[in-house]
Amino acid sequence: MPSDRGEIRFDGRDITRTRPYERVKLGLARSYQITSIFKRFTVLDNLALAVQARSGSSFSFWRPVSRETALTDDAGSIAAEVGLHEKQNALAATLAHGEQRALEVGLALATRPKLVLLDEPLAGMGPEEAQRMIALIDRIRSHVTVLLVEHDMDAVFRLANRISVLVNGRLIASGAPETIKADEQVRKAYLGDEVAA
């Protein structure tokens with residue numbers, strides 16, 4: 001959706017009217033709340049396509065992509081990074097929900113982003129899947145900046161260095177996790193009375 005006012009700046013550059021693929025080339029990647037993967041392809045093929053989109057095609061039309069060792073090596077490394085190395089030859093459709101979400105994060109990482117935007121990465125996950133996703137995000141934030149939109153406040157407090165809280169599209173608080181935990185407006189809107197200041 002185009003913005004109706006203001007501007008979007010990334011890495012010192014105005015990207016307000018920049019096309020999505022151009023933003024990716026600048027180092028911005030994203031993952032949506034609704035998973036978007038190639039379900040009839042293997043994990044490795046999904047990741048290889050993302051790597052190829054970043055690095056360009058060899059245009060070797062008569063050679064199977066599995067022989068493109070640079071693509072498959074990079075894709076295999078990403079599969080390992082997101083915890084899917086042992087399932088890299090599985091069809092994406094056969095993965096559990098949390099594994100599909102991890103694959104989608106891998107697709108974003110395949111672009112070698114400076115910043116990855118994650119929209120509700122824990123949505124629809126059970127406790128074990130959620131813990132694996134939290135651990136994955138914790139690992140990747142050591143080398144990629146992560147902007148996380150998430151309603152699981154325990155995960156947010158565990159992962160975030162800085163938290164901004166919106167209510168009805170309006171910013172009500174922004175700061176370090178401890179500051180946000182103690183903020184009275186945030187407590188009323190999201191945290192309830194059970195959270196100690």
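- Using a 4.5 Å heavy-atom threshold, the side chains of Arg17 and Ser3 count as touching.
- Within a 6.0 Å sphere centred on CZ of Arg19, heavy atoms belonging to other residues, nucleotides or ligands number 12 at most.
- Annotation for Val51 and Ala75: closest pair CG2-N, 4.2 Å, computed over non-hydrogen atoms.
- Under the 4.5 Å side-chain criterion, counting only non-hydrogen atoms from C-beta, Leu118 is not in contact with Val149.
- Under 4.0 Å is where a charged nitrogen must lie from a carboxylate oxygen, and between Asp119 and Arg30 no such pair does.
- A 4.5 Å side-chain heavy-atom check between Ile15 and Leu26 finds at least one atom pair inside the cut-off.
- Side-chain atoms of Gln131 never come within 3.5 Å of backbone atoms of Glu128 as a donor-acceptor pair (strictly under, hydrogens ignored).
- Counted by atom type alone, His97 and Glu129 present zero donor-acceptor pairs between their side chains at under 3.5 Å.
- At least one side-chain heavy atom of Ile172 sits under 4.5 Å from a side-chain heavy atom of Arg170.
- In this model, no donor atom of one side chain and acceptor atom of the other lie less than 3.5 Å apart for Glu7 and Thr16.
- Val24 and Leu47 fall into different hydrophobic clusters, where Ile, Leu, Val, Met, Phe, Trp and Tyr residues are linked whenever their side-chain heavy atoms come under 4.5 Å apart, directly or through other members.
- The neighbour count for Asp4 CG, taken as heavy atoms of other residues, nucleotides or ligands under 6.0 Å away, is above 12.
- Under a hydrophobic-cluster definition in which Ile, Leu, Val, Met, Phe, Trp and Tyr are linked whenever side-chain heavy atoms come within less than 4.5 Å, directly or via other members, Leu148 and Leu115 are assigned to different clusters.
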Derivation of the side-chain contact (heavy atoms from CB on, under 4.5 Å) call for Val105 and Ile140: CA-CA 10 Å; Val105 171; Ile140 66 173; 4.0 Å; yes

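- Taking both residues in full, the closest heavy atoms of Ala92 and Leu103 are given as CB-CD2, 3.9 Å, listed atom of the first, atom of the second, then distance.
- How far CZ of Phe157 is from CD of Glu178: 8.0 Å, rounded to the nearest 0.5 Å.
- Between the OG1 atom in Thr179 and the CZ atom in Arg162 there is a gap of 9.0 Å [rounded to 0.5 Å].
- If you take OG1 on Thr18 and NZ on Lys25, they are separated by 12.0 Å, rounding to the nearest 0.5 Å.
- At a cut-off of 3.5 Å, with distance as the only test, no side-chain donor of Arg23 or Tyr21 sits close to an acceptor on the other residue.
- Between Lys114 and Phe10 there is a side-chain heavy-atom pair separated by less than 4.5 Å.
- We find the CG-OG distance between Leu107 and Ser36 to be 8.0 Å, quoted to the nearest 0.5 Å.
- Residues Ile163 and Val167 fall within the same hydrophobic cluster, defined by Ile, Leu, Val, Met, Phe, Trp and Tyr side chains chained together at heavy-atom separations under 4.5 Å.
- Residues Leu71 and Leu44 do not share a hydrophobic cluster, clusters being chains of Ile/Leu/Val/Met/Phe/Trp/Tyr side chains in contact below 4.5 Å.
- Across every non-hydrogen atom of Glu104 and Ser31, the tightest pair is OE1-OG, 3.0 Å.
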Kindly indicate, with the supporting measurements, whether the criterion side-chain contact (heavy atoms from CB on, under 4.5 Å) is fulfilled by Asn89 and Val43. CA-CA 6 Å; Asn89 294 315; Val43 168; over 6 Å; no

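- Here the CZ-CD1 distance, from Arg112 to Ile78, works out to 7.5 Å after rounding to the nearest 0.5 Å.
- Crowding of Arg141 atom CZ: a count of heavy atoms from other residues, nucleotides or ligands under 6.0 Å exceeding 12.
- Listed here is the closest heavy atom pair of Ile137 and Pro121: CD1-CG, 3.8 Å.
- The shortest distance between side-chain heavy atoms of Ser174 and Val165 does not fall below 4.5 Å.
- In summary, the side chains of Ser77 and Asp74 do not present any donor paired with an acceptor at a separation below 3.5 Å, with no hydrogens or angles considered.
- Lys39 has its side chain within reach of Gln100: a pair of non-hydrogen atoms, C-beta onward, lies under 4.5 Å apart.
- Hydrophobic clustering places Leu95 together with Met133 (ILVMFWY residues linked when any side-chain heavy atoms are closer than 4.5 Å, directly or through intermediates).
- Nearest heavy-atom pair, Leu122 versus Ala155, reported as atom, atom and distance to 0.1 Å: CD1-CB, 3.4 Å.
- Counting heavy atoms from C-beta on, the side chains of Leu84 and Glu99 come closer than 4.5 Å.
- Of all heavy-atom pairs spanning Ala110 and Ala50, the tightest one is CB-CB, 3.5 Å.
- With hydrogens and angles disregarded, a donor-acceptor distance shorter than 3.5 Å links the side chain of Asn46 to the backbone of Phe38.
- Residues Arg139 and Glu81 are not paired through a salt bridge, judged by the lack of any N-O separation under 4.0 Å between the basic side chain and the carboxylate.
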